Number of protein chains: 2
Amino acid sequence: MICNSYKSFFKILADDCKLNIINILSKGPSTVGELSQRLHYEQSRVSHALISLKEFGFVINKRNGKTQEYQLEPKIMIPLLRLIDEHVDKYHRSKCTCKGVRWREMK
Amino acid sequence: MICNSYKSFFKILADDCKLNIINILSKGPSTVGELSQRLHYEQSRVSHALISLKEFGFVINKRNGKTQEYQLEPKIMIPLLRLIDEHVDKYHRSKCTCKGVRWREMK
DNA sequence: GGTTCATATGATATGTAATTCATATAAAAG
DNA sequence: CTTTTATATGAATTACATATCATATGAACC
């Protein structure tokens with residue numbers, strides 16, 4: 001493996017499952033089970049996604065007894081999401097059919 | 001199509017070809033042919049990549065006679081690349097075997 | 001108008017990462 | 001120490017974006 005950090009950076013985030021997770025975590029910490037329920041995803045699907053997000057430093061976790069609480073790594077995720085929001089607003093507001101809705105869950 | 005702008009944002013960038021193009025364009029504008037030569041990519045490969053970058057507002061273009069000159073859209077790309085550099089530095093310096101090299105072309 | 005150079009478009013095949021399913025670990029509780 | 005709850009791991013299939021190849025458009029020059 002060489003210096004393909006940029007590719008990994010984007011590839012990891014280019015996924016409905018992980019983005020829906022990030023969207024929920026942007027409102028506060030959550031556990032694997034909670035995410036799995038709210039998104040109607042298999043537990044293992046959420047777990048796989050969280051682990052790859054964690055490996056790249058997008059989320060951090062803390063064990064609480066049996067459960068594992070995940071949250072966004074604020075230093076990267078907050079400015080990143082703001083940057084994307086601004087870009088999306090500017091370039092794609094017109095192309096987006098759902099007015100005022102910044103986010104909609106994706107299968 | 002619904003509001004999947006976030007997914008598109010990352011999906012478009014999660015690609016060696018487009019990232020190598022962005023890397024070159026970060027040093028200045030270039031044409032399809034120049035990029036194709038420098039990267040040893042098929043012309044159509046570069047063209048496809050540039051068009052999808054353009055559709056999402058990552059690059060802008062200007063026709064110059066027969067050639068088409070592409071450049072990065074500075075408002076989004078400059079802060080984005082800086083943000084990623086910082087994150088990659090912080091979280092992955094240790095995992096990267098090639099010291100001091102920020103970028104290496106990828107097949 | 002015909003030819004050449006530069007880029008774009010479209011359809012199919014290919015390659016890679018996510019999903020799924022089965023199972024393993026880990027922690028608490030009885 | 002067995003059971004239950006919560007999460008993680010691994011292997012195989014599936015799904016989807018990219019690469020390729022063939023062709024089309026577009027601009028300049030004769």
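So that the names make sense, note that chain A is the first sequence line, chain B the second, and so on, each numbered from 1. Predicted model, so just to flag it, every value in this text is computed and none were measured.
- Of the listed nucleotides (D:dA8, C:dA17, C:dT7), D:dA8 has the atom at the smallest distance from the side chain of A:Val32.
- The residue A:Thr67 sits close only to the backbone: its heavy atoms come under 4.0 Å of sugar-phosphate atoms, none of a base.
- In this structure, B:Asn20 places its CG atom 15 Å from C1' of D:dA19, rounding to the nearest Å.
- Listed by chain and number, the residues in a side chain to side chain donor-acceptor pair (under 3.5 Å) with B:Lys66 amount to none (sequence neighbours excluded).
- A:Glu34 meets the side chain to side chain donor-acceptor pair (under 3.5 Å) test with A:Ser30; sequence neighbours excluded.
- One N or O on the side chain of A:Lys18 and one on the backbone of A:Ile12 form a donor-acceptor pair closer than 3.5 Å.
- Nucleotide C:dC5 holds its C1' atom 13 Å from the CD atom of B:Gln37, rounded to whole Å.
- Between B:Lys18 and D:dT18 there is a side-chain N or O to OP1 or OP2 distance below 4.0 Å.
- Note on A:Lys54: nothing from the nucleic acid sits closer than 4.0 angstrom, heavy atoms only.
- Atom pair B:Ile51:CD1 and C:dT7:P shows a separation of 11 Å (rounding to whole Å applied).
- Rounded to a whole Å, the CD1 atom of A:Ile21 is 12 Å from the C1' atom of C:dA18.
- No more than 12 heavy atoms of other residues, nucleotides or ligands shown are found within 6.0 angstrom of CD on B:Gln37.
- Ring centroid separation for the pair B:Phe9 and B:Phe58 comes in under the 6.0 Å cut-off.
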* Structure fact -> With sugar-phosphate taken as primed atoms, P, OP1 and OP2 and all else as base, the protein-contact string of nucleotides 20-30 of chain C at under 4.0 Å (heavy atoms; B, S, -) is BBB----BS--
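- Of the possible polar contacts, none joining the B:Thr31 side chain to the B:Thr67 backbone as a donor-acceptor pair under 3.5 Å is found.
- With rounding to whole Å, B:Leu50 atom CG is found 15 Å from D:dA19 atom C1'.
- Atom P of nucleotide D:dT5 and atom CD of A:Glu34 are separated by 17 Å, given to the nearest angstrom.
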* Under the salt bridge (Lys or Arg N to Asp or Glu O under 4.0 Å) criterion, do A:Lys7 and B:Asp16 qualify, and how do the steps go? -> CA-CA 7 Å; A:Lys7 183 180 162 191; B:Asp16 286 333; 3.3 Å; yes
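- When the C1' atom of C:dT19 is taken as reference, atom NE2 of A:His40 falls 18 Å away, rounded to whole Å.
- Remark: C1' of C:dT16 and CG of B:Asp15 are 12 Å apart, rounded to the nearest angstrom.
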